[in-house]
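Naming convention: chains lettered A, B, ... in sequence-line order (proteins, then strands); numbering from 1 in each chain.
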Number of protein chains: 2
Amino acid sequence: MAAGDRVTIYEVAERARVSISTVSNVLNKPDRVSPATRARVLAAADELGFVPKMQAVSFARRAAGRIGVMAPFTSYSSYLRRLSGLLATAAQLEIDVVVFDHESAALASSPVLASMPIHGRLDGLIVMGLPIEDAIAERLRERNLPTVAVDADSALFSRVVIDDSNGGSLAAAHLRDRGHRRVGYLLERQVSDYESQAIRRLSGFEQVIGAAGGDVRVATSDNSVGAARQAAAALLDVADRPSAVMAHHDALAVGVLLAARDRGLRVPDDVAVMGFDDGEAATAADLTTVRQPFEESGNTALGVLLGHIDGSDLRSTTVLDVRLVERSTT
Amino acid sequence: MAAGDRVTIYEVAERARVSISTVSNVLNKPDRVSPATRARVLAAADELGFVPKMQAVSFARRAAGRIGVMAPFTSYSSYLRRLSGLLATAAQLEIDVVVFDHESAALASSPVLASMPIHGRLDGLIVMGLPIEDAIAERLRERNLPTVAVDADSALFSRVVIDDSNGGSLAAAHLRDRGHRRVGYLLERQVSDYESQAIRRLSGFEQVIGAAGGDVRVATSDNSVGAARQAAAALLDVADRPSAVMAHHDALAVGVLLAARDRGLRVPDDVAVMGFDDGEAATAADLTTVRQPFEESGNTALGVLLGHIDGSDLRSTTVLDVRLVERSTT
DNA sequence: TGCTTCGAATAAAGCACTTCAAGGACGGTA
DNA sequence: TACCGTCCTTGAAGTGCTTTATTCGAAGCA
């Protein structure tokens with residue numbers, strides 16, 4: 001414990017023979033202090049190894065220097081990628097990032113404090129990949145906690161999303177150009193308005209295939225490789241089997257791949273398969289897919305959030321582009 | 001901003017007509033307060049929607065209620081899995097988890113404050129997957145910041161590791177039982193003493209194969225699918241090609257898989273392939289692999305850390321078990 | 001020389017809780 | 001009735017920094 005005793009601003013002040021206010025000013029508003037004094041204070045701080053205690057700083061500043069990121073990390077590994085993009089920037093800005101898994105973030109509501117676990121500790125919040133429930137949104141609003149939604153719709157907050165419709169179109173165009181006309185589409189079974197994202201993607205897809213005189217057959221699956229493997233039956237076990245299957249995201253595509261193998265179908269000759277995201281699974285399965293700019297999305301979200309924290313009240317929507325990544329499954 | 005005004009303990013006290021000390025006691029040591037008073041205070045708190053401000057709480061308690069997790073999240077996706085295990089538990093305990101990517105965690109050292117960015121804000125630290133540099137370790141020690149190392153060696157701190165040697169043995173036994181005698185092993189090129197982990201895994205592997213009269217050929221690769229795909233040449237492009245290849249982890253195994261396909265080799269008939277970790281890539285590639293208990297490792301680490309925070313000075317090492325997962329590549 | 005002005009330094013008031021020593025009330029006992 | 005001991009409750013002192021209003025001194029001006 002001996003070494004644990006922190007050096008406080010008082011000791012620095014004493015050593016530099018100034019008041020603590022001056023020490024504080026040296027650290028925060030150097031130009032308000034005469035060069036001579038400043039030098040003396042800095043020297044004293046260095047000699048004592050003074051490190052301002054964040055606890056106290058943020059307490060006195062009424063700000064946390066800390067933002068939260070909530071996402072379904074467990075369910076969708078892709079959110080980690082967004083997080084890393086954000087982390088790099090946050091570290092430079094000396095902002096701490098507290099992560100919440102959407103599953104585990106369920107309100108640990110004590111009888112007294114019916115509130116989200118995050119209240120009051122954060123300067124801002126980034127919610128990824130899941131719709132912000134109205135009740136929660138209202139609370140965030142009330143608490144005046146700046147929030148931005150990533151990869152999700154929100155009527156109240158700024159958003160960072162991808163062009164899902166275009167993503168669907170890109171994929172469809174790729175398949176169309178390879179001659180596919182009868183194609184399957186494996187949709188993820190989802191809840192609430194997150195769906196609209198999935199729908200947009202599907203619409204973009206259908207539009208292009210439809211325009212080419214093709215036909216899209218849609219099946220639905222839960223979010224897991226195993227579920228997709230089973231759900232693919234609806235697409236593959238029919239007389240006029242589609243010559244290509246697009247899945248809502250990579251993990252589902254992997255399920256389709258396995259289902260194809262179960263049936264002795266060759267990929268891509270008997271059936272072409274595409275995913276969406278270009279995550280780790282896509283690389284591993286050598287899957288043709290549509291790449292989302294994950295890292296950039298995290299970064300952008302942080303930028304937008306910081307703008308709001310600094311006072312901007314302008315709701316904004318940032319749409320990021322996607323692009324096709326060709327591999328061996330089409 | 002109107003709604004942003006927080007309810008403070010003073011207002012609750014006033015409404016319940018008690019002192020703030022009593023309110024504080026109701027929240028922290030309920031049994032020291034008479035039931036009647038307690039009820040009154042709780043009611044008042046509920047009516048006002050009182051939420052204690054963590055800033056102030058932890059400041060007054062001289063504790064942060066917050067731990068840090070540092071890991072190479074960007075480079076190895078598997079660390080996310082460990083993180084989720086930890087997150088669930090942390091949420092229940094109302095502990096915030098601040099994440100640092102090992103890459104971006106480089107010291108943002110100001111001229112005055114030569115210190116790690118994490119000092120003074122955390123109650124404890126979990127360092128995953130990378131050796132703790134001596135200089136850093138010494139600083140953590142000095143600052144008296146409880147630390148535990150996961151999946152890494154450390155002379156100073158408690159550790160949570162897997163039985164690498166056993167993992168290697170398991171894999172080897174599996175291949176041996178399938179008749180493989182001439183096998184390749186793709187090692188990851190690594191730095192410093194993290195290597196010892198890799199070495200232990202390899203030793204366990206070699207021992208079993210050796211005991212069966214077999215022979216292990218070792219090649220080295222950087223950490224990426226692409227690098228592994230190239231490095232596999234050293235194993236596959238030789239006269240007496242191994243009938244099986246084990247890779248240090250899944251991503252490398254995927255590289256081997258691709259390399260095999262490049263050469264028109266069938267898996268597992270011409271060459272069997274195994275990985276290690278059982279991450280997302282393993283599922284996607286339907287790879288036989290050795291599973292690490294990721295979630296559990298995160299949880300265990302948190303438990304150990306909490307013990308240290310609560311005062312235990314006992315250095316400990318927890319070894320977690322691994323197990324074989326058979327899929328289609330062997 | 002006397003008065004103003006302006007920069008530099010400071011005192012002191014927060015910030016929103018925890019905690020501990022101390023005070024009060026009340027029932028029980030002699 | 002007087003004295004004790006217990007259990008609640010409270011006042012007040014931290015916690016370590018920011019910030020605002022104020023003071024001090026010296027330079028500038030007439």
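Between the OG atom in A:S78 and the CE atom in A:M128 there is a gap of 9.5 Å [rounded to 0.5 Å]. Here the straight-line distance linking atom CZ of A:R159 with atom OG1 of A:T147 works out to 14.5 Å at 0.5 Å rounding.
Below the 3.5 angstrom threshold, one finds no donor paired with an acceptor across the side chain of B:Y10 and the base of C:dC15. With hydrogens and angles ignored, no donor-acceptor pair closer than 3.5 Å exists between the side chain of B:S21 and the base of C:dT18. Checked by distance alone, B:S34 brings no side-chain donor or acceptor within 3.5 Å of a matching partner on the base of D:dT9.
The stacking criteria are not both satisfied for B:F59 over the base of C:dC15, which would need a centre-to-centre distance under 5.5 angstrom and an angle between ring planes under 30 degrees.
Residue contacts for A:S24: at a heavy-atom cut-off of 4.0 Å it reaches a base atom on one of the strands shown. Residue A:N28 is in sugar-phosphate contact alone, with no base atom involved, counting any heavy-atom pair closer than 4.0 Å across all strands shown. Using a 4.0 Å heavy-atom distance criterion, A:T37 is classed as a sugar-phosphate-only contact. Residue A:V23 is out of contact with every strand shown, counting any heavy-atom pair closer than 4.0 Å.
Protein atom CZ of B:R32 is 14 Å distant from nucleotide atom C1' of D:dT10, rounded to whole Å. Put simply, CZ on A:R40 is 11 Å from C1' on C:dA9, counting in whole angstrom units. In this structure, CD1 of B:I20 is placed 11 Å from P of D:dT10, rounded to the nearest angstrom. Rounded to whole angstrom, the span from the NZ atom of B:K29 across to the P atom of C:dT18 amounts to 9 Å. Between B:K53 atom NZ and C:dT18 atom P there is a gap of 14 Å when expressed in whole angstrom units. In this entry the distance linking CG of B:N25 with P of C:dA21 reads 14 Å, nearest Å.
Of the candidate nucleotides C:dT18, D:dT18, D:dT10, D:dT18 has the atom lying nearest to any side-chain atom of A:A60. Taking the side chain of A:I9 as heavy atoms from C-beta on, and the options D:dG16, D:dC17, D:dT10, the nearest nucleotide is D:dC17.
Phosphate proximity of C:dT10 to A:T22: present, with a side-chain N or O under 4.0 Å from OP1 or OP2.
Contact detail for A:R38 and A:D31: the closest heavy-atom pair is NH2-CA, 4.4 Å. The nearest pair of heavy atoms linking A:F73 to A:F100 is CE1-O, 3.7 Å.
Crowding of B:E14 atom CD: a count of heavy atoms from other residues, nucleotides or ligands under 6.0 Å not exceeding 12.
Remark on DNA chain C: of its neighbouring residues B:T8 and A:D31, the 5'-side contact belongs to A:D31, judged by nearest-heavy-atom nucleotide. Nucleotides of DNA chain D nearest to B:A56 and B:S19 differ in position, and the one nearer the 5' end is that of B:S19.
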